[in-house]
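Have a look at the structure below before the remarks.
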Amino acid sequence: MTDVTAGMLHPEIEQLDRDDMLALQNRKLAALGDRLAASPEWVEHFRQAGLKPQDLADRQALDALPFLEKAQLRERYPFPMLGTDPAKVEKFCATSGTTGLPVLFGYTADDMHVLLAKQVARQLHCHGVRPGDRGYNGFGFGLWVGGLAYDLGMAELGMTNFPVGPGRSDLVAEWMRDMQFTLATVSPVFLATLIRTAREKGIDPKRDWKLRHAVIGGQSVSRAFRDELEAELPEGFMTFNTYGTTEAGGPIVATTCPHSHGRDEMHLINEDTVLTEILDPETFKPVGPGEIGEIVVTTLDKQASPVVRWRTRDLVRVAEKPFDCPCGRKGMGAIGRIIGRSDDMLKVRGVIVYPSQIEDVVAATPGTVKEAWQIYVDQPGSAPKQLSVAIESETGYNGSPEALADSVASSLTSRLGLKVPVECHAEGALPRYEAKAQRVLVRN
């Protein structure tokens, strides 16, 4: 019989059943309330709901609390809801893609070197990475937490880390061969760029690279795109989706295990330190298995910049059997990949459109460049009057660009119930993104 704990870095936590996990969360909620009671900002936040932080000792108090959103933090510039003395903060990070002044989130020494390091190391170990493995860290640094988080996680696990960051594709394509990296942490689109760059340099990634695992984050990708990436790389290579937000503490909320990979699902891998609710974005009631909801997070252990009921705006489908994975993580529920954001949703002539739906169609159409597609709208906002899509045809594609565009357009009509003009370009014509892709652009 297989020992499921072999894939667990923290089996005393990871194999808890759901009741035990909820009990652990309840104890930590009470401790969180005691800490927040020392912060005037947090006391005022709770007071607006007729509560006090210590009420978190009863889990049901969460339901009565208002959500925390970015506008509230902007009003409290420069150190919103910090919850601790700024002198105790070792580092500040900010959400990528913010407009105006960045909203800062602090990390104490323990937040970084104990909490975040262990959260990421747990994920890496779950993927099959082990001490002594060599990793290329291609996530961003600076104010973004992604690169920092994987630096800390690799060190905690005892890996050898090459923190290159995004970009420098020519160098990385060669280093993949020469340094024999077994792990890459990278956006899926940039991994596709690295594969293409390697081939242009006469390097065969399937034969010359030693990659076994890639943690892909920063953007959600279709299963077809993921499968295509895996087919280009060494036998047995596997990609692992990861999901998180700066507000939650980093890329630590959910990740794929080897068993959930085939189902295109992720475990809420750090439920002992990040309490996750999946709520209907209109009624704010919990959704059930198979239903779509918005991820709302509460950080249980973070000392600086904790969040309570933070609306991520990210939409996911709860797994049909969220607590029944052969990996043994019975207390850590499973969700599907990110479908989109509730505030990224487009309503075109009365039809709801998510960018992920368009990606699914492009990725499933033979002859397209899977990582290269763009949505154009005629005006800013969530209700454009016109929407069109641009794609690329692969070099060597035998059909005409017009036929490929027609094929994608037909599939989009079937999927969306909406006629969408599609234009097809030669490979290399559309933008490439090293980190998060900006898929919706205004074009008059």
Side-chain angles (χ1 to χ4, degrees), residues 6-10 116-141 144-169 171-195 197-198 203-219 221 225-244 250-252 254-261 266-267 269-270 327 434-435:
M8 300 177 181
L9 186 61
H10 308 123
L116 183 56
K118 288 183 177 179
Q119 289 170 325
V120 176
R122 177 184 294 178
Q123 295 183 87
L124 291 171
H125 193 274
C126 167
H127 302 154
V129 181
R130 294 296 181 265
D133 281 349
R134 297 178 189 174
Y136 151 64
N137 187 354
F139 287 145
F141 289 87
W144 193 49
V145 70
L148 167 69
Y150 276 89
D151 272 2
L152 294 167
M154 289 186 199
E156 175 72 15
L157 196 59
M159 294 181 60
T160 301
N161 177 21
F162 294 75
V164 182
R168 307 188 72 181
S169 56
L171 171 67
V172 175
E174 294 192 33
W175 273 14
M176 285 282 190
R177 175 195 62 199
D178 301 340
M179 306 301 178
Q180 298 189 355
F181 300 139
T182 54
L183 167 74
T185 63
V186 64
S187 81
V189 170
F190 193 59
L191 180 57
T193 297
L194 290 174
I195 292 170
T197 300
I203 298 169
D204 181 357
K206 198 172 190 70
R207 183 190 67 235
D208 300 330
W209 290 1
K210 304 301 179 184
L211 278 181
R212 299 197 305 271
H213 321 276
V215 178
I216 54 175
Q219 58 200 156
V221 295
F225 185 16
R226 184 199 73 183
D227 291 347
E228 183 169 286
L229 288 175
E230 291 178 345
E232 295 283 341
L233 291 163
E235 191 70 28
F237 168 85
M238 190 177 290
T239 58
F240 294 88
N241 288 335
T242 189
Y243 167 76
I252 47 79
T255 198
T256 312
C257 80
H259 295 277
S260 66
H261 173 273
M266 300 181 288
H267 284 283
I269 192 73
N270 285 302
C327 76
E434 294 176 353

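Being a predicted model, the structure only gives us computed values, none of them experimental. In what follows, every heavy atom counts, from backbone to side chain, and hydrogens, waters and symmetry copies are set aside. Residue indices begin at 1 and follow the sequence shown.
- Between F181 and Y136, the ring planes lie parallel to each other; the angle is under 30°, not in the 30° to 60° tilted range.
- One distance of note links CG of L191 with OG1 of T239; it measures 8.5 Å at 0.5 Å rounding.
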message: Please evaluate residues W209 and I195 with respect to the criterion side-chain contact (heavy atoms from CB on, under 4.5 Å), reporting the C-alpha separation (whole Å), side-chain torsions for both, the decisive distance (0.1 Å), and the verdict.
response: CA-CA 10 Å; W209 290 1; I195 292 170; 4.2 Å; yes
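- Residues C327 and H259 are in side-chain contact: their nearest non-hydrogen atoms beyond the backbone lie under 4.5 Å apart.
- One side chain, T255 or H127, offers a donor N or O that lies under 3.5 Å from an acceptor on the other.
- Distance alone, capped at 3.5 Å, places no donor-acceptor pair between the K210 side chain and the M179 backbone.
- Distance CG/D178 to CD1/I203: 7.0 Å, rounded to 0.5 Å.
- Closest non-hydrogen pair, Y150 versus P251, comes out as CE1-CG, 3.7 Å.
- The backbone N or O of P234 lies less than 3.5 Å from no partner atom in the side chain of K206, so there is not a single donor-acceptor pair.
- Atoms CG and CG, from L148 and N137 in turn, are 9.5 Å apart once rounded to the nearest 0.5 Å.
- With values rounded to the nearest 0.5 angstrom, L152 atom CG is found 12.5 Å from L157 atom CG.
- P163 places none of its side-chain heavy atoms less than 4.5 Å from the side chain of F139.
- Residues M176 and A184 share a closest heavy-atom pair of CE-CB, 3.9 Å.
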task: Any chance you could lay out the side-chain contact (heavy atoms from CB on, under 4.5 Å) test for L116 and V145, step after step, and finish with the verdict?
output: CA-CA 10 Å; L116 183 56; V145 70; 4.2 Å; yes
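- Shown here for S260 and H267, the closest heavy-atom pair between the two residues is OG-CD2, 4.2 Å.
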CA sep, side-chain torsions, deciding dist, call: L183, V215, side-chain contact (heavy atoms from CB on, under 4.5 Å): CA-CA 8 Å; L183 167 74; V215 178; 4.0 Å; yes
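- Here the CD atom belonging to Q123 is positioned 15.5 Å from the NZ atom belonging to K118, to the nearest 0.5 angstrom.
- In this structure a side-chain-to-backbone donor-acceptor pair under 3.5 Å is missing from R134 to N161.
- In this structure, the side chain of N241 does not engage the main chain of T256 through any donor-acceptor pair within 3.5 Å.
- Residue L124 holds its CG atom at 12.0 Å from CD of Q119, rounded to the nearest 0.5 Å.
- A pairwise comparison of heavy atoms in A254 and M266 identifies CB-CB, 3.9 Å as the closest pair.
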field: Stepwise side-chain contact (heavy atoms from CB on, under 4.5 Å) test for R130 and H125
entry: CA-CA 6 Å; R130 294 296 181 265; H125 193 274; 3.4 Å; yes
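- Annotation for R226 and H261: closest pair NH1-O, 2.8 Å, computed over non-hydrogen atoms.
- Smallest separation of non-hydrogen atoms from R122 and I269: NH1-O, 3.0 Å.
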